[in-house]
> 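The following block contains the structure, expressed as structure tokens.
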Amino acid sequence: MNAREDLTYVYAAVPDTREVRAALGELRGVSGAPVSLLAAGTAPVAFVVSRVAPDEFDERTLKARFEDLEWLEGVARAHHEVVQTVARHDTVLPLRLATVYQNDDRARRALTAQSRSFTERIALLRGRSEFGVKLYISPTGSTGSTDRTGPAGAAESREGAEGPGRAADASLTPGKAYLRRRRAQHSVQETRYRHAQEAAARVEALAHRFSTHRMRHPAQTGALAGPEENVLNDAYLVPHDRAEEFRTALTGAVEGLDGVRVEVTGPWAPYSFATPSPGGETAGEGAAP
């Protein structure tokens, strides 16, 4: 059992190479603990691990800890930093946050049991990184971040500043003026949804040219999305040598589409592709090799 009965925290599975071991160096992980590799016999992969205190990470404590957002953010940041550091040196298979074993022996048994699947998955991910692509619709009355030039953009901007149709006829009764504004708002929003559908089609077509796999995530809501409406939240597995082409092409996917914004993030360690997800992950025929 580990000294002081500390638990074994596992960040990822990686190829057991000299480069990876050197990359860990002085790296610190969750709770500031040193990070190291944990091997299992002749297995070609190893776990990236550190030690954590049982009074923070045993099963019962974790249930309560996951309600503490400040604590959770700190653990998530440390976990992510370790995974990203390793990813800069070799292919990494990230494991879920707070993957903890009672001791090194338990972790080795798990590594041995899953060594083949880990090796196969790492082979799939080799030479590729994850990019995130999100589409947002601006709220009615917002000019958004897209090009607003031209008569249509100018008219919508005036409606956003003055209220749809408010300047059109000041002589209307309050009730009729309200209905006119509501109809105008509805028309603007319908247009933006059509633009979002077109943008999504463009994203799919462009991404297919540069990526090998896609994972669809649920659209974000509430504080995660902010004042805009998130209508697409996809992750793509992109070969390293196509990364800049991917970013450039996808960034231009909403050109000419008022009220729609695209956000491209990455490269990241391939969190979304660490394990197969039935029905969620797709591989495109004819996509980048």
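Just so it is clear, the structure is predicted and the values come from calculations on it, not from any experiment. Position 1 is the first residue of the sequence; numbering continues from there.
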> V82 versus L24: any side-chain heavy-atom pair under 4.5 Å?
no
> Between H79 and Y11, what is the ring plane arrangement, given parallel below 30°, perpendicular above 60°, and tilted in between?
tilted
> Under a 4.5 Å cut-off applied to non-hydrogen side-chain atoms, are F47 and R108 in contact?
no
> Could you check whether any side-chain N or O of E130 sits under 3.5 Å from a backbone N or O of Y271, counting only pairs where one atom can act as donor and the other as acceptor?
yes
> Below 4.5 Å, heavy atoms only, C-beta onward: do L257 and R194 meet side chain to side chain?
no
> Are any side-chain N or O atoms of R247 and backbone N or O atoms of G266, one a donor and one an acceptor, separated by less than 3.5 Å?
yes
> Over 60° means perpendicular and under 30° means parallel, so tell me whether F131 and F246 are parallel, tilted or perpendicular.
tilted
> With a 4.0 Å cut-off on N to O distance, would you call R202 and E255 a salt bridge?
no
> Tell me whether the count of non-hydrogen atoms from other residues, nucleotides or ligands lying under 6.0 Å of CD in Q84 goes above 12.
yes
> Can you check whether R126's main-chain N or O pairs, donor with acceptor, with R128's side chain at less than 3.5 Å?
yes
> Do side-chain atoms of H195 reach the backbone of D258 as a donor and acceptor pair under 3.5 angstrom?
yes
> Considering all heavy atoms of both residues, which atom of L232 and which atom of V133 are nearest to each other, and what is their separation?
CD2-O, 3.3 Å
> For R116 and T119, does a side-chain donor sit closer than 3.5 Å to a side-chain acceptor?
no
